[in-house]
Amino acid sequence: MKSGGTAAFWKGPRQMPITDLLERNHKLYGGETALVEINPEIQEKHRVTWKEYELIEPASTVPYRREITWGVFDEKANRVANMLLSRGVKKGDKVAILLMNCLEWLPIYFGILKAGAVAVPLNFRYTAQEIDYCLKKADVDVLFFGPEFIGRVEDIVPKISSQMLLFFVGDTCPSFAEDYHRATANCSSAAPKVLVDDEDDAAIYYSSGTTGFPKAILLRHQCLLQSARMEAIHHETTHEDVFLCIPPLYHTGAKMHWFGSLFTGSRAVLLKGNSPQAIFDAVSGEKCTIVWLLVPWCQDILAALDRGDLKIENYQLSQWRLMHIGAQPVPPSPIRHWMKYFPHHKYDTNYGLSESTGPGCVHLGMDHIHKVGAIGVPGYGWKVKIVDEQGQTVPQGEVGELCVKGPGVMKCYYHDPEATAAVLQNGWLYTGDIAYMDEEGYFYIVDRKKDLIIVGGYNVYPREIDEVLHTHPKIREAVTVGVNHRSRGETVKAYIVPEEGANLTVPEVVAFCRQKLASFKVPRLIEFREELPKTMVGKVLRRILREEELQKSDTEQDKEQLVPEETSKEEVSAPEAGIGEKEAKTQGEPEKTDGNA
């Protein structure tokens, strides 16, 4: 086995398309496993390994598991590219992918890139209407889709262009599409003769749509290569590492974290399923060293360990060196809890947006666990600043809008120059996140600019309240939003998911908040729920909660019990904790607004 650390693949300032990394891995590690797909919910008698199409048949029934080597990965990508070119796909044409995580996903993605086309991954939660919208928004010419989406695609066939090519990735091809395996079977496995430059368009990723219909984010090849190099550097990925990938590949977080494996030619495992046992089984059985979790999965594992349902000694976990989290705000409490069980683990928080080619433009860093709660420092190749409403950099310690600049910044919002101009200014990406920098140069997110709540003329940042609620031992999840109440104006409402079996009351929550928050920040409305609406990668959809409130009638609002106010002049002028304390120190009192912010 050839080995090497991150530095082994550093080629200096010369840029290259990310497809070169795949071809290099074919040459260096062609016979080694690149990807493993595991689905613990399926049992099968035939285990398929894509090593020159050899079939290995174990004697007993085993969980569904497939492998692909770097060599076959590259050859399959070449077959996809040559098939697309033979069908008239040209450089810059758009090719969409609508698949669940599977071994076919990444070879198709790289085949699209090798053809010089633009890959358009689609969220597998999309409805037929949303699929139709995204295909048209991106001017898609070709669609690859899986068996889970036959019904949704069939619904929109009459609406999409008759010129669009539809390829089915599965066993029983519907009549309105072509079979992907047949279409690529006789195509050349040699690399196509298409020149791709780092400034060429590479992919369109859709925003999560937390504030409405998703935006089409156009990324260059330079963005993808920057992401791969940065991921490997940030997490010191080597050829011997094994990355466990659980989130969906259509998302920039999953793909760009996997790019660290691509950059070092190391193995990755695609796990279908996110139960604590499934995760531990995969880490133990596949000898995973790096695991990217979302906050809910981290909390599930901790709860299972606390209950004794999961026992560390039953698994081979000593090789697991890094657990990192991103895609959403990370409360400090579960990370501190995690380190009690896994004191040898390195930890990293990854901040980013699809507009910055996913995670890492700001990151905590693996040796900075003492700063958990911060999003961290500028990532490799990135610059970061915080500006006021006039675009001027604010002094250290003051809040403003977080802006980032680097080789991963998107080219534009596709077909939306107005939205592009609103967030791209002189190479800086205005993130819409309100943040501040501490005296050591670490950045902290206060909240989303659009989520700001105005209570009695004062700015209230929901994330501060969320983090306080997450420290309550009986609260599993919590999120706050501003709601317009008929008799109150805008006020704070908390949606809370209690821990399983916990007996939690409104007075208990209110008393807890009053100990830690200024009175004007204490939620006046509290609603207990079994779950919160989320995106596929765990971001809470505050928009859905606000829409629910807007649809309520006056009678429904009147039935909700407002928590009595406890206000004093001293409390308002000197907030008690968190960001309010930071504001009181730097500004004398919370920022007063005219209510139009």
Side-chain angles (χ1 to χ4, degrees), residues 1-8 29 32-40 47 62-63 65 67 231-247 254 257-326 330 332-350 363-370 372:
M1 174 186 290
K2 299 178 181 69
S3 64
T6 303
Y29 314 115
E32 296 180 22
T33 300
L35 297 168
V36 177
E37 176 191 351
I38 297 176
N39 190 337
R47 181 183 299 173
V62 297
R65 184 185 187 279
E67 295 182 358
E231 174 66 22
I233 290 171
H234 281 181
H235 294 154
E236 300 176 2
T237 311
T238 72
H239 183 64
E240 283 70 37
D241 275 310
V242 181
F243 172 57
L244 180 62
C245 181
I246 310 170
H257 282 313
W258 171 78
F259 276 173
S261 302
L262 174 72
F263 197 77
T264 55
S266 52
R267 185 160 59 97
V269 178
L270 305 177
L271 174 63
K272 291 184 176 180
N274 53 34
S275 71
Q277 182 179 341
I279 293 172
F280 271 39
D281 282 341
V283 172
S284 181
E286 300 294 334
K287 304 297 184 287
C288 298
T289 61
I290 302 175
V291 180
W292 178 45
L293 296 176
L294 303 181
V295 172
W297 304 341
C298 171
Q299 292 172 323
D300 287 343
I301 290 172
L302 291 172
L305 290 170
D306 289 345
R307 294 192 305 266
D309 296 343
L310 208 60
K311 297 185 183 298
I312 293 175
E313 59 270 22
N314 292 341
Y315 299 89
Q316 177 58 50
L317 304 177
S318 59
Q319 78 289 344
W320 186 358
R321 68 174 181 85
L322 170 65
M323 186 278 281
H324 58 103
I325 291 181
V330 183
S333 52
I335 307 308
R336 296 192 181 106
H337 191 177
W338 184 275
M339 299 309 291
K340 292 178 181 178
Y341 281 110
F342 302 101
H344 69 288
H345 275 187
K346 296 281 189 178
Y347 170 75
D348 194 14
T349 295
N350 306 281
H363 79 126
L364 186 64
M366 295 192 298
D367 296 318
H368 303 145
I369 187 69
H370 64 289
V372 66

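Only this structure's heavy atoms are used, side chains among them; waters, hydrogens and symmetry mates stay out. Along the sequence shown, residues are numbered consecutively beginning with 1.
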Fill in: Closest heavy-atom pair and its distance - A254, C245
CB-SG, 4.0 Å
Fill in: Nearest heavy atoms of M366 and H234, plus distance in Å
CE-O, 3.7 Å
Item to complete: State, to 0.1 Å, how close C288 and L244 come at their nearest heavy-atom pair, and which atoms those are.
Response: SG-CB, 3.9 Å
Item to complete: Check whether any side-chain heavy atom of D241 sits under 4.5 Å from a side-chain heavy atom of T264, and report yes or no.
Response: no
Worksheet item: Looking at side-chain heavy atoms only, is the closest gap between L271 and P40 below 4.5 Å?
Response: yes
Worksheet item: Angle class for the H368/H370 ring planes (parallel below 30°, perpendicular above 60°, tilted otherwise)?
Response: perpendicular
Worksheet item: Say you draw a straight line from NE2 of H345 to CE of M323; how long is it, rounded to the nearest 0.5 Å?
Response: 8.0 Å
Item to complete: Might you work through the side chain to side chain contact (heavy atoms under 4.5 Å, CB included) test for K311 and F280, ending with a clear yes or no?
Response: CA-CA 10 Å; K311 297 185 183 298; F280 271 39; over 6 Å; no
Worksheet item: So do the side chains of W338 and I325 get within less than 4.5 Å of each other, counting heavy atoms only?
Response: no
Worksheet item: Can you pull the salt bridge (charged side-chain N to carboxylate O under 4.0 Å, His left out) pairs that have at least one residue in residues 263-273, sequence neighbours excluded?
Response: E37-K272, R267-E286
Discussion item. With heavy-atom distances below 4.5 Å as the criterion, would you say the side chains of F342 and I312 are in contact?
Written reply: yes
Worksheet item: If you round to the nearest 0.5 Å, how far is CZ of R336 from OH of Y347?
Response: 11.0 Å
Worksheet item: Would a distance-only check, ignoring hydrogens and angles, find a side-chain to backbone donor-acceptor pair under 3.5 Å from W320 to L322?
Response: yes
Discussion item. Go through it in stages, so that I can follow the logic: the residues are W258 and L270, the test is side chain to side chain contact (heavy atoms under 4.5 Å, CB included), and I'd like the CA-CA distance, side-chain angles, deciding distance and then a yes or no.
Written reply: CA-CA 10 Å; W258 171 78; L270 305 177; 5.7 Å; no
Worksheet item: Between P276 and L310, which heavy-atom pair has the shortest distance, and what is it?
Response: CB-CD2, 3.7 Å
Worksheet entry | Rounded distance [0.5 Å steps], OG in S284 versus CD in Q319 | 7.0 Å
Discussion item. Using a 3.5 Å distance criterion without hydrogens, assess whether the side chain of T289 forms a donor-acceptor pair with backbone atoms of V242.
Written reply: yes
Worksheet item: About how many Å separate CD of E236 and CD1 of I290, when rounded to the nearest 0.5 Å?
Response: 9.5 Å
Discussion item. According to side-chain contact (heavy atoms from CB on, under 4.5 Å), who are the partners of H257, at least two apart in sequence or on a separate chain?
Written reply: E231, H235, F243, W292, H324, N350, P359
Discussion item. As an exercise, state the distance from NE2 of H337 to CG of L305, rounded to the nearest 0.5 Å.
Written reply: 7.5 Å
Worksheet item: Can you find a pair of side-chain heavy atoms, one from F263 and one from T237, that are under 4.5 Å apart?
Response: no
Fill in: Gap between atom CD1 of I38 and atom CD of E67 - 0.5 Å precision
9.0 Å
Worksheet item: Under a 4.5 Å cut-off applied to non-hydrogen side-chain atoms, are L294 and N274 in contact?
Response: no
Worksheet item: What do the steps show when you test I279 against L293 for side chain to side chain contact (heavy atoms under 4.5 Å, CB included), and what is the final call?
Response: CA-CA 10 Å; I279 293 172; L293 296 176; 4.1 Å; yes
